[in-house]
Amino acid sequence: MEHFTNLVNKVIKEHWDEPALSDFRKETFSHAEIAGMIMRQHEIFRALGIKPGDRIGLCGKNSARWAAMFLAVTSYHAVVVPILYDFTPENVCDLAVHAECRIVYTENKIFDRWDLS
């Protein structure tokens, strides 16, 4: 069975300069920009030693950037562990540990409100 990211790759190539993902009245990213985000994340995953099948936590509000990260993780054949952004830092940590996440990505706005001392 074909992986859904093959379809994503096809769509990105066919619509390279067209809008792909957007936040309501905020940022809009073209397919080319999304492809760049995905490629940069793949480089980071390789540098961190992330392997296909590893779990990566995503803790953030629904947004174009969250979706781009979702595509980066899944196209790397890693596993997305979605974590609600309004959980407490302790809950996020507990979930990430329980799910055996190698790393957890979050937004600055969310990270900044956590007291990690």
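- With hydrogens and angles disregarded, no donor-acceptor distance shorter than 3.5 Å links the side chain of Glu14 to the backbone of Val11.
- Nearest heavy atom pair, residue Val92 against residue Cys59, reads CG2-SG, 4.1 Å.
- Remark: Ser75 pairs with His42 by the side chain to side chain donor-acceptor pair (under 3.5 Å) rule, at least two apart or across chains.
- Across all their heavy atoms, Cys101 and Gly57 have their closest contact at SG-N, 3.7 Å.
- In this structure, the separation between NZ on Lys61 and CG on Leu84 is 12.5 Å, given to the nearest 0.5 Å.
- Every residue two or more places apart in sequence or in another chain that forms a side chain to side chain donor-acceptor pair (under 3.5 Å) with Thr28 is listed here: Ser22.
- Here the side chains of Thr74 and Thr5 are in contact, with some heavy-atom distance below 4.5 Å.
- Pairing each heavy atom of His31 with each of His15, the nearest pair is ND1-O, 3.1 Å.
- Remark: Asn6 CG is packed, more than 12 non-hydrogen atoms of other residues, nucleotides or ligands lying under 6.0 Å away.
- Sorted by first and then second residue, the salt bridge (charged side-chain N to carboxylate O under 4.0 Å, His left out) pairs with a member in residues 45-54 read Asp54-Arg102; sequence neighbours excluded.
- For residues 62-74, the salt bridge (charged side-chain N to carboxylate O under 4.0 Å, His left out) pairs, not counting sequence neighbours, are Glu27-Arg65.
- Contacts of Glu43 classified as salt bridge (Lys or Arg N to Asp or Glu O under 4.0 Å), with partners at least two apart in sequence or in another chain: none.
- For Val97, the side-chain contact (heavy atoms from CB on, under 4.5 Å) criterion is met by no residue, not counting sequence neighbours.
- Nearest heavy-atom pair across Ser30 and Ala20 is C-CB, 3.8 Å.
- Hydrophobic cluster of Leu71: the remaining members, joined at side-chain heavy-atom separations below 4.5 Å, are Phe4, Val8, Ile12, Trp16, Leu21, Phe29, Ile34, Met37, Ile38, Ile44, Phe45, Leu48, Ile50, Ile56, Leu58, Trp66, Met69, Phe70, Val73, Tyr76, Val80, Ile103, Tyr105, listed by chain and number.
- The side chain to side chain donor-acceptor pair (under 3.5 Å) test applied to Asn91 returns Thr88, not counting sequence neighbours.
- A donor-acceptor pair is defined here as one N or O able to donate and one able to accept, closer than 3.5 Å; no such pair exists between the side chain of Asp23 and the backbone of Ser63.
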